[in-house]
Amino acid sequence: MMKLLMEDTKKYVLRPLAPLLGIVFGYASNPLAIWPISSRQVQLNTNEFHNSHTAENFGNIEDNYDSSQSNRDEAELGKHETEQLIHTITKITSLLRQCWGVAGASIISSNLKRNKDKRLQDFIIMPGKKIYAVFGFVGIGDWDHLLRALSKDVMILINDVANVVHSEVARWGLNNTGQCNRNIGPVFLMVFRIGYDKEVREKYCKGGGDETQGNERRKKSLQMSSSISETDLDNNFQLNELPGVHEHADRAAIGMLKSFASIHRDNNLRQFMYEVRLTNGNPEEPFHAKITFGLDAGYAMEGAVGSVYKVDATYLGPHVNMASRMQSACKQFGVSLLCSKDFQCLLSPEAKQKFRHVDTCTVKGVQKAQPIYTYDARHRGINLFLNKRDCNVADIEAKNYSPKIWNTDQDLKCMRQHITSEFEDKFNKGRDLYLVGNWKEAVKVLKEANEQMIRNNMKFDMVEFQASPSDVNNVNTSLTKRLTDIGDGPSKCLINYMIGKNGQAPAKFVDEKCRALESK
């Protein structure tokens, strides 16, 4: 009798539980992996399972579970309930993965692992982990207006934008490192992970180059590891010398720019173009989502923030703040994307040629002044639908990345076709005059650059104007708002700043050759 009871227990209880425990163990080991949802698909890793579960606690479950029994009777007792449990656990862990992302993987893993001595609050107060990454903020402009106009339908707009951005970031992130960490209303924090501090430094020491370069890296790494000051350590660490970092940064930038292009050709978002609530009934002024991007690269602390009532997995650090400032400053400069020097220096030489240095600033919370750059992405007058790709084709293009893409990709070329060498030379000259304090001449040259940009854009806007481009600088002009909109944002931003200071560079500006980016 006892023998029959043991056999029934193994057959109807332990065998069905084995795949269930295997899935839980798998999620504990790697919460970001996609695990099977059927007991017939589960393949237990016997060695790992034995390391985590003793025979005293569970018996020899795997020894009695035959994972190849695909012909089991569908009506076998316990099978249906176990399948439901497997599906439930899979859905819960999938939601955890979506809500917490990469930053929360360690939290999920720690809580799923069997440890009688630890409670949830113990994991919350654990120290964070230092990582290196590219941080990108994506924001939806005119948020207050959208919220008032669309009311509850604003959620549809946000999710349509999020679907495009998240998809492109995931597609272009190197080795699936592109992830959305936070959705904060109309703003998304995107993270392209380079790696944890230890693995990045090890890769840095083993980097390419001759033996002498490798020895120098190892020597520098040893010196850094013995340093007490985290600030000194990070000042000495050259992230742009890390092997493979150029592709990582290029892909992050392309992911953002592809998001910009895809948003302006997405069928769901185009349904809002002639929405009466957004156009005030004027079909000549179609609605276009104003999306801005900010990028920075460096270190941050990854971990859990909150209490037993609410926990968020997030990133904290100066480079996260800098990326947020860059995104906010896009409105002031009249551009769609801004990035810091720390990010720009990680790009490939081909990519660097496409990013324009627009100003040198200090931002709140960051003492170091650094140049800021933009990629001149434009959607007006461009039929981005012609470049639309099937998802499978787009995935292949992302997989086959090379630095040549900056000169061959149709989206990247079209969005920047209004930028000419004549304009770039004019703007660069005006910017340099501005930075050395020769503001009188700088204003004159930058106005010429702005006029050149208007002429360039008029070629693509297919609009007949009744005034010359030079009239845009006349405060009494009746030139249409459209003509003003197609000027160069950075040129007008610098001109307005200098005029606001009465055209005279302050002594502090002359000494430091930078300004504080006070307003967003």
Side-chain angles (χ1 to χ4, degrees), residues 137 229-232 234-236 238 240 292 294-298 317-335 337-346 352 355-376 422-453 470 472-475 484 487-520:
F137 273 86
S229 170
E230 282 286 331
T231 302
D232 292 341
D234 286 299
N235 287 339
N236 290 328
Q238 300 297 321
N240 63 331
T292 52
L295 288 163
D296 192 28
H319 296 283
V320 180
N321 296 339
M322 186 66 173
S324 177
R325 295 285 175 182
M326 291 293 96
Q327 184 268 320
S328 298
C330 284
K331 182 178 180 180
Q332 178 184 156
F333 283 91
V335 296
L337 182 148
L338 284 175
C339 69
S340 66
K341 178 65 176 179
D342 285 343
F343 173 76
Q344 187 267 352
C345 71
L346 303 185
K352 288 179 181 178
F355 280 73
R356 175 164 56 122
H357 175 199
V358 295
D359 202 351
T360 299
C361 302
T362 58
V363 300
K364 185 178 180 180
V366 181
Q367 295 181 348
K368 182 179 68 172
Q370 59 175 306
I372 57 178
Y373 297 79
T374 188
Y375 185 96
D376 295 285
E422 181 181 0
F423 164 77
E424 287 184 303
D425 292 342
K426 188 71 70 175
F427 175 83
N428 291 339
K429 180 181 178 181
R431 180 206 61 222
D432 292 341
L433 290 168
Y434 151 77
L435 290 174
V436 298
N438 187 354
W439 284 10
K440 182 178 180 180
E441 189 65 22
V443 169
K444 177 183 176 181
V445 175
L446 287 173
K447 283 183 177 181
E448 294 174 358
N450 187 50
E451 293 171 12
Q452 180 64 50
M453 176 62 78
S470 61
V472 74
N473 297 310
N474 183 353
V475 296
T484 303
D488 180 51
S491 294
K492 292 184 289 186
C493 177
L494 298 184
I495 291 170
N496 292 336
Y497 176 73
M498 289 184 283
I499 292 177
K501 298 290 184 180
N502 297 319
Q504 292 293 326
K508 184 178 180 181
F509 182 93
V510 175
D511 292 338
E512 299 179 356
K513 294 181 172 53
C514 69
R515 67 181 176 108
L517 194 64
E518 297 173 350
S519 60
K520 294 184 179 180

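Model, not experiment: these values are computed from the prediction.
Here L446 contributes atom CG and M453 contributes atom CE; the two are 12.0 Å apart, rounded to the nearest 0.5 Å. Within the model, atoms CD of Q452 and CG of D425 stand 10.5 Å from one another, a figure rounded to the nearest 0.5 Å. Residue I495 holds its CD1 atom at 13.0 Å from NZ of K444, rounded to the nearest 0.5 Å. Summarising the geometry, atom CD1 belonging to I372 is positioned 12.5 Å from atom CG belonging to D342; distances are rounded to the nearest 0.5 Å. K440 contributes atom NZ, which lies 9.5 Å from atom CD of Q504 (distance to the nearest 0.5 angstrom). A distance of 8.0 Å separates OG in S340 from CG in L295, rounded to the nearest 0.5 Å.
Looking at residues two or more places apart in sequence or on another chain, you find no ring pair (Phe, Tyr, Trp, His ring centres under 6.0 Å) involving F137. The side chain to side chain donor-acceptor pair (under 3.5 Å) test applied to E424 returns R416, not counting sequence neighbours. Judged as a salt bridge (charged side-chain N to carboxylate O under 4.0 Å, His left out), and not counting sequence neighbours, K501 has no contacts. For S324, the side chain to side chain donor-acceptor pair (under 3.5 Å) test picks out no residue, with sequence neighbours left out.
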Discussion item. As a quick check of understanding, evaluate side-chain contact (heavy atoms from CB on, under 4.5 Å) for Q332 and L517, giving each step before the final call.
Written reply: CA-CA 10 Å; Q332 178 184 156; L517 194 64; 3.7 Å; yes
Item to complete: List the steps and the verdict of side-chain contact (heavy atoms from CB on, under 4.5 Å) for F333 and T374.
Response: CA-CA 9 Å; F333 283 91; T374 188; over 6 Å; no
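Closest approach of A369 to C514, counting heavy atoms only: CB-SG, 3.7 Å. The nearest pair of heavy atoms linking C345 to N240 is O-CB, 3.7 Å. For the residue pair Q344 and K352, the shortest heavy atom distance occurs at O-CE, 3.4 Å.
In this structure, K513 places its NZ atom where more than 12 heavy-atom neighbours from other residues, nucleotides or ligands lie under 6.0 Å away. Annotation: E441, atom CD; neighbour count of heavy atoms from other residues, nucleotides and ligands within 6.0 Å is above 12.
Under a 3.5 Å cut-off, the side chain of H357 and the backbone N or O of D359 do form a donor-acceptor pair.
Under 3.5 Å, the side chains of S491 and N450 contain no donor-acceptor pair of N or O atoms.
Within the 4.5 Å cutoff, side-chain heavy atoms of V358 are placed close to those of L338. Residues L433 and V443 form no side-chain contact, since every pair of their non-hydrogen atoms from C-beta on lies 4.5 Å or further apart. The shortest distance between side-chain heavy atoms of T362 and E512 does not fall below 4.5 Å. Between K331 and T292 there is no side-chain heavy-atom pair separated by less than 4.5 Å.
Residue pairs meeting the salt bridge (charged side-chain N to carboxylate O under 4.0 Å, His left out) criterion with at least one member in residues 426-436, sequence neighbours excluded, are K426-E448. The ring pair (Phe, Tyr, Trp, His ring centres under 6.0 Å) analysis of residues 492-512, with sequence neighbours excluded, yields the pairs Y434-F509, W439-Y497, W439-F509.
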